[in-house]
Amino acid sequence: MFIFFHSILYTTVSKNGLELQSSGRGRFLLEHAAPFSAFLTDSFGRQHNYLRISLTEKCNLRCQYCMPEEGVQLTPKSELLTAQEIITLARLFVKEGVEKIRLTGGEPLIRPDVVDIVGQLNKLEGLKTIAITTNGINLARLLPRLKEAGVNAVNISLDTLVPAKYEFIVRRKGFHKVMEGIHKATELGYHPVKVNCVVMRGFNEDELLGFVEFTKDLPLDVRFIEYMPFDGNKWNFKKMVSYKEMLDTIKQRWPELEKLPCEASSTAKSYKVPHFQGQISFITSMSEHFCGSCNRLRITADGNLKVCLFGSSEVSLRDHLRSGASQEELVEIIGAAVSRKKKQHAEPALMSFPLRQDALQYPPNSKQCGHTSSHWPTLRASLSKQMEKALLKNKLPGQLILPVSHPEQQCYIRTRILQTQMRGFCVFQKDTSSTFDTKCLEASPVGQVSADCQLKEASPGSEFCTRDSASCSEVPRASDNLTHTDEEGRATMVDVGGKPDSRRRAVAGAVVRLGEKAFGMVRQNQMKKGDVLAVAQIAGIQGAKLTSQLIPLCHNIPLSHVEVSLSLDEARCAVVIHCSCQTWGKTGVEMEALTAASLAALTVYDMCKAVTHDIVIEEVKLLSKTGGQRGDFSRA
């Protein structure tokens, strides 16, 4: 399944001045356009004029969300489509109405005859666009020849702007080659250059603002793609960051963000920061699918036709082609497959999101669903019982099976989950080795708090009203005793359930004294293990997110922001580390900030220890904290 992941990244780079409508060939095609082929029109009236062809299963990267480090078992070369077979099938599809062909992989630019294939495709009368989806490693070298051969649209995948994190995600070097490819595309007149970024929680959601900033001085269209947890990379809804959450985070920084108009068949929602050269877009393949306007078909590297990325059914065009099937027979086979295409793929809301508790509190809008909600109490009880059983087993079902006698139930699931889930991300967590109850941890995006949640800090002993209850709860007064021990002195986890939510922030620091030699090598970026400061920064961010797994009695806190900065102190030959963590919740983030500083410091030590062991980690300390009933703290 891995070879199809990038096929969902429906993006292009349009080359300025190459619009076929303004060319002689384009005018001829428009004036002599024939009715669209019935063979490429499905039972729902969708006309499929866009074909994606995989040139190879091979890839020169090993992205963590795409395939295992050791790679996958490849199809024998004899079973893959030859260049001539690719052109034969392409000619057939173009004759029936396909106007755009995108070459994908694997990584298409590692196929030796890719330029020749493009040149032959460019000769097909009726084909308006030849596009390529690439990881960018070989792009700068090949793009001049590809442009000359006929490529007028390019897609470049880049999931991070941090070189060390890039190597971590793709398990290979090559960040500078991708950047070189992006700049080469702008130089050759592709405008805007569209860059795809798969956003994954815990990997790169903290770089959203950096990618937006990337569009300030370059004519880019950075497209944020919702992570799609396929079988090949293990279904994992925890990694998915929704479009709404991403948009809210970006609007915190640029509230003037403008929505751009888009075509009805567009798969992207586009926005622009005023006065920026470029723009950003969102591919909402999970939270708001675009099946209703899908016009895409796919041919795999071994010649199978897929009418839907999520569908399991395939038709081998290669076998029919090699058995001597006529053009008319192939068209009939293709038409039969297209006619069987379903209205939409598996419901993303049900497959990808756990049910939030507030989704069970209110019945669906009867006007929306077209049914009464008289059965709602029974449905709510049924859902709650199913969830309880699932949680006790430490897992959630991929889809709750509901009684089919009540149609409004399915409507409710589709509408209510999307309404509530997009406001935050809920993770049901149960530690099987613990006696603590299962909890629902809600991580709202930065600043995404409704007016009724804007609680003000008060003195110990005052009352707060929570958003989930009309009643008020009393906040315990500050205690002079240790809070992580019980009456008998045994370690225990603090119950924060009765505390009010508030905005919390903590800043911690650390210093790593390296000595003159190691310090000089870090400053010149000469360490064999790589960029010390960049890797330590990533380690600090990851450490903050994993604090509850490292410190036994810490709560699992949904962080809204983590920032780790490292600077060089020449006077002390030291690396100075500064870590900041933020959240909206019931407990503070001091431990997260301290863990981030500690992990960053340890990473600096690890990367420099080959040069010297005379390294001292010191001044690991909390610098400040705000929020919480015990008041603010700032170290003098």
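Hydrogens, waters and symmetry mates are skipped; everything else that's a heavy atom, side chains included, is used.
The aromatic rings of Phe211 and Phe224 sit perpendicular, their planes meeting at an angle over 60°, well past the 30° parallel limit. Between Phe276 and Trp254, the ring-plane angle classifies as perpendicular under the 30° and 60° cut-offs.
Separating the OG atom in Ser598 from the CD1 atom in Ile617 is a distance of 8.0 Å, to the nearest 0.5 Å.
Using modelled atom types, no side-chain atom of Lys165 and backbone atom of Glu167 make a donor-acceptor pair closer than 3.5 Å. Proximity of a side-chain donor or acceptor of Asn204 to a complementary backbone N or O of Asp159 within less than 3.5 Å is detected. Side-chain atoms of Arg504 never come within 3.5 Å of backbone atoms of Gln582 as a donor-acceptor pair (strictly under, hydrogens ignored).
The cationic atom of Lys269 (NZ for Lys, CZ for Arg) lies less than 6.0 Å from the six-membered ring centre of Tyr243 and within 45° of the ring axis.
Leu218 has its side chain out of reach of Val193: every pair of non-hydrogen atoms, C-beta onward, lies at least 4.5 Å apart.
Pairing each heavy atom of Phe214 with each of Val222, the nearest pair is CD2-CG2, 4.5 Å. Taking each heavy atom of Met527 and Met607 in turn, the nearest pair found is SD-O, 3.8 Å. In this structure, Thr612 and Leu514 approach most closely via the heavy-atom pair CG2-O, 3.7 Å. Between Cys554 and Thr547, the shortest heavy-atom distance links the atoms SG-CG2, 4.1 Å. The two atoms that bring Val241 and Arg201 nearest to each other are CG2-N, 3.6 Å, heavy atoms only. Across every non-hydrogen atom of Asp501 and Lys586, the tightest pair is OD1-CG, 3.0 Å.
Side-chain contact of Ser281 with Asp221: a donor-acceptor pair under 3.5 Å is present, judged by distance alone. Of the N and O atoms on the side chains of Arg505 and Ser580, at least one donor lies less than 3.5 Å from an acceptor on the other residue.
Annotation for Lys517: atom NZ does not count as buried by contact number, only 12 or fewer foreign heavy atoms lying within 6.0 Å.
In this structure, the ring pair (Phe, Tyr, Trp, His ring centres under 6.0 Å) partners of Tyr166, at least two apart in sequence or on a different chain, are Phe175.
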Working note: Glu207 + Thr160, criterion side chain to side chain donor-acceptor pair (under 3.5 Å); need CA distance, chi angles, decisive distance, verdict. CA-CA 7 Å; Glu207 292 192 61; Thr160 177; 2.4 Å; yes

Cys608 vs Val532, side-chain contact (heavy atoms from CB on, under 4.5 Å): CA-CA, chis, key distance, verdict: CA-CA 8 Å; Cys608 298; Val532 174; 4.3 Å; yes

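Between Glu592 and the options Val562, Leu559, Ile551, Thr583, a side chain to side chain contact (heavy atoms under 4.5 Å, CB included) holds for only Leu559.
Between Tyr271 and Phe282, the distance separating the two ring centers is shorter than 6.0 angstrom.
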